[in-house]
Amino acid sequence: MDIIFYHPTFDTGFWLDKLHQALPQARVREWKPGDNDHADYALVWHPPVEMLSGRKTLKAVFALGAGVDSILSQLQKHPDMLPPGVPLYRLEDTGMALQMQEYAVSQVLHWFRRFDDYQVQKQQGVWNPLDDYTREEFTIGILGAGVLGGKVAESLVAWDFPVRCWSRSRKNYPNVESFAGQHELDAFLSGTRVLINLLPNTPETVGIINRQLLDKLADNACVINLARGVHLLEEDLLAALDSGKLKAAMLDVFSREPLPASSPLWTHPRVTITPHVAAVTRPVEAIAYISHTISSLDRGEIPAGQVDLKRGY
Ligand SMILES: NC(=O)C1=CN([C@@H]2O[C@H](COP(=O)(O)OP(=O)(O)OC[C@H]3O[C@@H](n4cnc5c(N)ncnc54)[C@H](OP(=O)(O)O)[C@@H]3O)[C@@H](O)[C@H]2O)C=CC1
Ligand SMILES: O=CC(=O)O
C-alpha cells in the first residue's frame, strides 16, 4: 500500500515516522511536486491541485483537520482535483473535542464570574464586589451541533448552564434544547447570552454572524467564534461591541489569517484573540483514526468521517 502525505506546516518527518509505526505494511512518502507515482491513499492539508488530480488508483483522501472548506473550495475551482468516486474523509474529534471544551468552558466561566469586569477594576485600583450573574440569565447557544458542538454542549451542561444548540437536523443531547433549521434560528437566538460558533464553512453559513443576528441576542451578550473567520462580519461585531449590545468577544479565527496588524480587533479592549489554536490536530489520535479507517476501507467497510461533498461538510 502506498500513502502520500502533504501538509504545508506540520513536521513531515515526525508524521512519516508515526505513520510507519502505525501502518508497518504501508510505504509512506512525502508528496513533492512532480511526484505522479502510484498512491492508494493521500493525507493532505491545503494540497496543491496537481497532488491529487488524475490519480486513478486513489482509494481515499484524508483531510488532516476537521474543516474541509479549503479542500472543497479548491475542488470547486478544479473539479477534477478529486478523481470521481474517491471518498474524502476528515478528522472527527481525534482529540479536538476536549480542546474545544477547555476553550469554551474556561471562557464562559471567565465571563460568568465577571473576571473581565474585575480586571478593569483592578486596572483602576477599584475594590468593589459586583452583583453575581445567575445561570438563568446565562443561556449558552451553540451554532452547529455536530461532533465538536455536541461535545461543547455536553461540557457546559455539566457546569449547569442552560444550553441550547442550532443545527440543520434535530438533536437529542441530554439537557440541551435543540433548534433546527432556518425557521428556528430566531427562537434560538432570542435569550442567548453567550453565542458559540461551531458551524462548518459552507455557502449557507458564510457571514451568518452579522448585525441582524447579533441584534437578536440577549443584551450584553458575548460571542465566541471557534469555527471559521468568514462566519463573522468583523465590522458588525465591532459595531455591536461599541453600541453596547455586545459585552465581549473571544475570537480564534479570522477572515484573514494571520490577523493583519492594522485590524481594529487587536486593540479593542473587549475582544480577546487567539491565533487559530482552539483545537489543533493531535498526531497520535489522528493517525490512530486514519490507520483504523484505512483498515476498514481495505475490509470493504464504510467507516465514519466521510465528507458529504454536496452538503459541503
Ligand atoms: N478553530 C479551530 O481550531 C478549529 C475549528 N474547527 C471548525 O469547526 C467546525 C465544526 O466541526 P465539527 O463539529 O467536526 O463539524 P460537524 O460537521 O460534525 O458539525 C457541523 C454542525 O453544523 C450544523 N450545520 C451545518 N450547516 C448548517 C446550516 N446551514 N444550518 C444549521 N446548522 C448547520 C450541522 O448540522 P447537522 O448535524 O444537522 O448536519 C452540524 O450539527 C469545522 O468545520 C471547522 O471549521 C474545527 C477544528 C478546529
Ligand atoms: O481549523 C482546524 C480544523 O481542523 O478544521
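When a ligand or atom number is given, it counts from 1 through the structure's own listing order.
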Heavy atoms from other residues, nucleotides or ligands near CD of E102 exceed 12 (cutoff 6.0 Å): yes
Sub-3.5 Å N/O-N/O distance, M96 and ligand 1: no
Intermediate values then yes/no, salt bridge (Lys or Arg N to Asp or Glu O under 4.0 Å), R228 and D69: CA-CA 9 Å; R228 287 293 183 259; D69 45 339; 2.9 Å; yes
Per-atom contacts of ligand 1 with A227, taking only distances under 4.0 Å to non-hydrogen atoms: 5 (C), 7 (C), 45 (O)
Atom 42 (C) of ligand 1: the protein heavy-atom neighbour that sits closest, reported with distance to 0.1 Å: G67 CA, 3.9 Å
Heteroatom distance test (R168, ligand 1): nitrogen or oxygen, under 3.5 angstrom: yes
Identity and separation of the nearest protein heavy atom to atom 30 (N) of ligand 1: W166 CH2, 3.3 Å
Minimal non-hydrogen separation, Y118 against L130, with atom names: OH-N, 2.9 Å
contact_flag T202 ligand 1 heavy-atom lt 4.0 Å: no
Side chain to side chain contact (heavy atoms under 4.5 Å, CB included) evaluation trace for Y103 with I224: CA-CA 9 Å; Y103 196 116; I224 305 180; 4.1 Å; yes
L199 neighbourhood, listing ligand 1 atoms whose heavy-atom distance to it stays under 4.0 Å: 9 (C), 22 (O), 23 (C), 24 (N), 32 (N), 33 (C)
Any N/O pair V280/ligand 1 closer than 3.5 Å: no
Atoms of ligand 1 close to L198 [distance to a heavy atom under 4.0 angstrom, numbered from 1]: 8 (O), 10 (C)
Winner among L226, L91, T205 once heavy atoms are compared against atom 2 (C) of ligand 1: L226
Ligand 1 contacted by R170 (non-hydrogen, < 4.0 Å): no
Result of checking D252, N225, T205 against N197 for side chain to side chain donor-acceptor pair (under 3.5 Å): N225
Side chain T57, main chain A39, donor-acceptor under 3.5 Å: yes
Option of least heavy-atom distance to atom 45 (O) of ligand 1 (set: R228, Q182, H276): R228
Protein residue, atom and distance nearest to atom 4 (O) of ligand 2, heavy-atom basis: A66 N, 2.7 Å
Minimum-distance protein heavy atom relative to atom 2 (C) of ligand 2: H276 NE2, 3.6 Å
Mode of R90 contact toward ligand 1 - side chain, backbone, both, neither (heavy atoms, under 4.0 Å): side chain
In one Ile/Leu/Val/Met/Phe/Trp/Tyr side-chain cluster, 4.5 Å: F62, L309: no
For the student: nearest non-hydrogen atoms of L214 and K245, plus distance: O-CE, 3.3 Å
Protein contact to atom 39 (O) of ligand 1 [nearest heavy atom, distance to 0.1 Å]: Y313 OH, 2.5 Å
Note: D11-K18 ion pair, threshold 4.0 Å (strictly below): no
Test: R311 cationic atom under 6.0 Å from Y313 six-membered ring centre, within 45° of axis: yes
For R311, atoms of ligand 1 separated by under 4.0 Å from a heavy atom: 39 (O)
Ligand-residue contact atoms, ligand 1 with A145, heavy atoms, under 4.0 Å: 21 (C), 40 (C), 41 (O)
Test of ring centre spacing under 6.0 Å for W45 and F10: no
M100 near ligand 1 by a heavy-atom separation under 4.0 Å: yes
Which segment of R228 sits under 4.0 Å of ligand 2 when only heavy atoms are counted: side chain
Ligand 1 contacted by K171 (non-hydrogen, < 4.0 Å): yes
Minimum heavy-atom distance L64-T281, with the two atoms named: O-OG1, 2.9 Å
E235 CD: over 12 foreign heavy atoms closer than 6.0 Å: no
Check: D252 N/O within less than 3.5 Å of ligand 1 N/O: yes
Distance-only N or O hit between ligand 2 and G67, under 3.5 Å: yes
Minimum-distance protein heavy atom relative to atom 13 (O) of ligand 1: L148 N, 2.9 Å
Heavy atoms from other residues, nucleotides or ligands near NZ of K151 exceed 12 (cutoff 6.0 Å): no
Heavy-atom nearest neighbour in the protein, as seen from atom 40 (C) of ligand 1, with distance rounded to 0.1 Å: G146 N, 3.6 Å
Sub-4.0 Å atoms of ligand 1 with respect to non-hydrogen atoms of E204: 29 (N)
Subset of ligand 2 atoms that lie under 4.0 Å from at least one heavy atom of G65: 4 (O)
R170 with E184: basic N within carboxylate O range, under 4.0 Å: yes
H292 atom NE2: more than 12 heavy-atom contacts under 6.0 Å: no
Identity and separation of the nearest protein heavy atom to atom 20 (C) of ligand 1: P200 CD, 3.6 Å
Salt-bridge criterion met for D35 and R29 (N-O under 4.0 Å): yes
4.0 Å heavy-atom contact, Q99 with ligand 1: no
Enumerated ligand 1 atoms positioned under 4.0 Å from heavy atoms of V253: 1 (N)
Under 4.0 Å to a heavy atom of A279 - the qualifying atoms of ligand 1, by number: 2 (C), 3 (O), 48 (C)
Donor-acceptor pair, side chain of Q99 and main chain of G95, under 3.5 angstrom: yes
